[in-house]
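Letters A, B, ... are given to chains in the order of the sequence lines, protein chains preceding strands, and every chain is numbered from 1. Please read all numbers here as calculations on a predicted model, not as lab measurements.
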Amino acid sequence: MNDMDRRSMPLFSIGIVMKLTELTARQIRYYEANDLIAPERTKGNQRLFSFNDVDRLLQIKDLLDRGLNMAGIKLLLDEEKKEIPGEIPEKKKKTPANLTDEELRGILKNELNEAGRYGKASMRQGELARFFVRH
DNA sequence: ATTCTGACA
DNA sequence: TGTCAGCA
C-alpha cells in the first residue's frame, strides 16, 4: 500500500477531527453537506475521516479566515482537485493556502467570469463577486 | 460516552 | 453557527 492510499484511508472519528482542526462538529458536518469533503461512513453511519479530509478541513478553515465563503471555497477546491489527479507537481504547486490574498482575488475573479458564462449569467459582475467573496 | 439528523424561543 | 431533541 502506497502513501496516497494511506492518506485516503478512513481513520478518524469526528471527535478526533474536531481536536485536530479546532472546528466544531457543526461546521464539519456543514462543510460535508456542501460537498467540500466526503468522509466515509461506518456500518453505524458514523463518519470516518482520512488524512486528506483533515488537510482539506484545515484548508477550508484557512480560506474561511481569509474571507472566502462556501461558494468561493468550493470553486477553489474543485479546481485544485482536478489539477492534482493529472501530472506530478514538478516544483511547488501553489495550493490555496500558499496564495497571497491578492492572488486569491485574481483566481476568484477568473472563476467568477467562468461562472458568469454559465448559470449565473444574469448576475452582474459586482453582485457575483459579493456572492463568492466577502470584504 | 459518542455521533447523527433535523430544526429553530 | 449554536444548540437542543430523540435515536442508534
B/dC8 phosphate, OP1 or OP2, under 4.0 Å from A/Arg26 side-chain N/O: no
Whole angstrom value for the distance that separates C1' of B/dT3 from NZ of A/Lys19: 14 Å
Separation of C/dC7 P from A/Gln46 CD (nearest whole Å): 17 Å
A/Arg47 CZ - B/dT2 P separation (whole Å): 17 Å
Pair partner, C/dT1 [Watson-Crick or wobble, under 3.5 Å]: none
Separation of atom CD in A/Glu22 from atom P in C/dT1, rounded to whole Å: 14 Å
Any A/Tyr30 side-chain N or O less than 4.0 Å from OP1/OP2 of B/dG6: no
B/dC4 phosphate, OP1 or OP2, under 4.0 Å from A/Arg29 side-chain N/O: yes
Spacing of A/Asn45 atom CG relative to C/dC7 atom P, expressed in whole Å: 17 Å
Rounded distance (Å) that lies between atom C1' of B/dT3 and atom CD of A/Glu32: 12 Å
N-O pairing of A/Asp53 and A/Arg56 below 4.0 Å: no
Sugar-phosphate, base or nothing in reach of A/Gly15, heavy atoms under 4.0 Å: sugar-phosphate
Side chain to side chain, A/Tyr30 and A/Met70, heavy atoms closer than 4.5 Å: yes
Sidechain N-carboxylate O distance under 4.0 Å for A/Arg41, A/Glu32: yes
Integer-rounded Å distance: C/dG2 C1' and A/Met18 CE: 12 Å
Heavy-atom closest contact (A/Phe49 atom, A/Ile14 atom, distance): CE1-CA, 3.6 Å
Any A/Ser13 side-chain nitrogen or oxygen under 4.0 Å from OP1 or OP2 of B/dT2: no
A/Ile16 CD1 to B/dA1 P, straight-line distance once rounded to whole Å: 18 Å
Salt bridge present between A/Arg66 and A/Asp62 (N-O < 4.0 angstrom): yes
Watson-Crick or G-U wobble partner of B/dT3, both distances under 3.5 Å: none
Which nucleotide in B/dT3, B/dT5, C/dT1 has an atom nearest any side-chain atom of A/Ile14: B/dT3
